[in-house]
Amino acid sequence: MLEKYHSDKSLQINRIYTKNISFESPQAPQIFQAPWDPQVTLNLGTSSTHLIDKMYEVILRVTVITNLAKNIVFLCEVEQAGVFSIEETEKNKIAHSLGSRCPNLLFPYARECIANLIWHSTFPPLHLEPVNFDTLFMGYLQKSKHTEHTPDT
């Protein structure tokens with residue numbers, strides 16, 4: 001019965017940290033007078049580096065670009081990183097941890113950092129919805145398989 005509640009030890013967090021932060025508001029302070037009906041673009045990216053043994057650094061890059069008409073209100077980019085120990089031996093399970101499980105753990109930290117940057121810049125709050133990194137990772141795998149089997153023209 002206890003085996004059912006055994007926690008997953010195949011992925012361990014060694015450290016989570018902010019690697020890079022950038023916030024730009026090129027139209028401030030004039031933009032504060034404009035009516036607030038923004039268009040928000042969210043871009044996500046991940047990268048990973050094998051450090052030593054079973055340790056990896058994973059970086060989640062979250063970029064938020066907010067526009068009013070054709071003017072950039074603000075551009076906010078956060079690189080949230082972590083060092084993880086992955087006990088898996090199968091390459092596909094390691095890839096899944098690096099491409100989905102680790103970014104899923106990093107995203108709440110990046111989201112909080114972005115929310116704080118926006119709040120401290122006195123713009124209205126922006127709530128970033130949770131992201132399904134499993135779906136994104138599966139889409140990446142499908143795209144990779146498709147490009148592997150497509151001959152160059």
Side-chain angles (χ1 to χ4, degrees), residues 1-26 28 36 38-67 72-153:
M1 185 74 170
L2 288 177
E3 291 129 14
K4 184 177 183 181
Y5 299 103
H6 186 280
S7 64
D8 181 11
K9 298 288 186 187
S10 64
L11 175 69
Q12 292 185 342
I13 302 169
N14 295 9
R15 181 164 295 215
I16 292 179
Y17 54 96
T18 304
K19 188 144 183 139
N20 189 19
I21 296 176
S22 174
F23 187 91
E24 300 172 31
S25 182
W36 190 249
Q39 291 152 351
V40 178
T41 304
L42 173 67
N43 296 312
L44 299 168
T46 61
S47 61
S48 61
T49 306
H50 183 242
L51 301 174
I52 56 171
D53 298 328
K54 297 178 180 186
M55 291 179 68
Y56 298 83
E57 178 190 48
V58 177
I59 301 170
L60 172 64
R61 179 179 296 110
V62 181
T63 305
V64 177
I65 303 168
T66 302
N67 293 298
I72 293 178
V73 177
F74 61 81
L75 185 147
C76 182
E77 183 172 83
V78 171
E79 289 183 350
Q80 193 69 44
V83 175
F84 300 91
S85 294
I86 301 175
E87 297 296 325
E88 299 289 351
T89 55
E90 296 177 36
K91 284 189 177 189
N92 61 342
K93 288 186 178 181
I94 293 172
H96 179 256
S97 290
L98 296 174
S100 176
R101 294 175 69 200
C102 294
N104 194 48
L105 292 167
L106 295 172
F107 185 73
Y109 294 92
R111 181 174 54 198
E112 179 185 13
C113 188
I114 288 169
N116 284 333
L117 288 168
I118 293 168
W119 182 76
H120 283 289
S121 299
T122 70
F123 289 105
L126 176 68
H127 175 70
L128 297 178
E129 295 293 324
V131 174
N132 187 334
F133 286 98
D134 277 334
T135 300
L136 293 176
F137 182 69
M138 296 312 253
Y140 168 77
L141 289 179
Q142 291 298 323
K143 187 178 177 183
S144 296
K145 283 182 183 179
H146 178 65
T147 55
E148 283 178 12
H149 299 322
T150 304
D152 292 337
T153 55

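We count residues from 1, following the sequence as given. All values below were derived from every heavy atom in this structure, side-chain atoms included, with hydrogens, water molecules and symmetry-related copies excluded.
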Hits for side chain to side chain contact (heavy atoms under 4.5 Å, CB included) against Ala95, two or more places apart or cross-chain, chain-then-number order -> Phe137
Given the rule in the side chain to side chain contact (heavy atoms under 4.5 Å, CB included) test, do Phe84 and Ile13 qualify, once you have shown the distances and angles that lead to the verdict? CA-CA 5 Å; Phe84 300 91; Ile13 302 169; 3.7 Å; yes
Taking side chain to side chain donor-acceptor pair (under 3.5 Å) as the test, write out the residues that go with Thr18, two or more places apart. Gln80
For side chain to side chain contact (heavy atoms under 4.5 Å, CB included), just list the numbers for Asn43 and Ile65, CA-CA rounded to whole Å, side-chain angles, deciding distance to a tenth of an Å, and then say yes or no. CA-CA 8 Å; Asn43 296 312; Ile65 303 168; 4.2 Å; yes
Heavy-atom count around Ile72 CD1 within 6.0 Å, excluding the residue itself: above 12? no
Of the non-hydrogen atoms in Val73 and Asn67, which two are nearest, and what is the gap between them? CG2-C, 3.9 Å
Side chain to side chain donor-acceptor pair (under 3.5 Å) partners of residues 115-138, not counting sequence neighbours, each pair once: His96-Asp134, Ser100-Asp134, Asn132-Thr135
Sequence neighbours excluded, which residues qualify as ring-ring contact (aromatic ring centres under 6.0 Å, His included) partners of Phe74? Phe23, Phe123
Nearest 0.5 Å please: distance from the OG atom of Ser97 over to the CG atom of Leu11. 5.5 Å
Nearest heavy-atom approach of Thr66 to Pro38 is CG2-CB, 3.4 Å
Quick one: CD1 on Ile94 to NZ on Lys91, what's the gap to the nearest 0.5 Å? 8.0 Å
With a sphere of 6.0 Å drawn around CE of Met55, does it hold more than 12 non-hydrogen atoms of other residues, nucleotides or ligands? yes
Counting only heavy atoms not in Tyr109, do more than 12 sit closer than 6.0 Å to its OH atom? no
Which value, rounded to the nearest 0.5 Å, describes the distance between Leu51 atom CG and Asn14 atom CG? 9.0 Å
Considering all heavy atoms, the nearest Leu117-Cys76 contact: CD1-SG, 3.6 Å
Heavy-atom pair with the smallest gap, counting every atom of Cys113 and Ile21: SG-CD1, 3.6 Å
Using the test side chain to side chain contact (heavy atoms under 4.5 Å, CB included), find all partners of Ser47 that sit at least two apart in sequence or belong to another chain. Ile59
Minimum heavy-atom separation for Pro130 to Phe107, with atom names? CA-CE2, 4.2 Å
CG of Leu128 to CG of Leu44, rounded to nearest 0.5 Å, is 8.5 Å
If every non-hydrogen atom of Pro103 is compared with every non-hydrogen atom of Leu98, which pair is closest and at what distance? CD-O, 3.3 Å
Kindly indicate, with the supporting measurements, whether the criterion side chain to side chain contact (heavy atoms under 4.5 Å, CB included) is fulfilled by Val62 and Val131. CA-CA 11 Å; Val62 181; Val131 174; over 6 Å; no
Tell me, with the steps shown, if Thr63 and Glu77 meet side chain to side chain donor-acceptor pair (under 3.5 Å). CA-CA 4 Å; Thr63 305; Glu77 183 172 83; 2.8 Å; yes
Between CD1 of Ile86 and NZ of Lys93, what distance do you get to the nearest 0.5 Å? 13.0 Å
Would you please name every residue forming a side chain to side chain donor-acceptor pair (under 3.5 Å) with Arg111, sequence neighbours left out? none
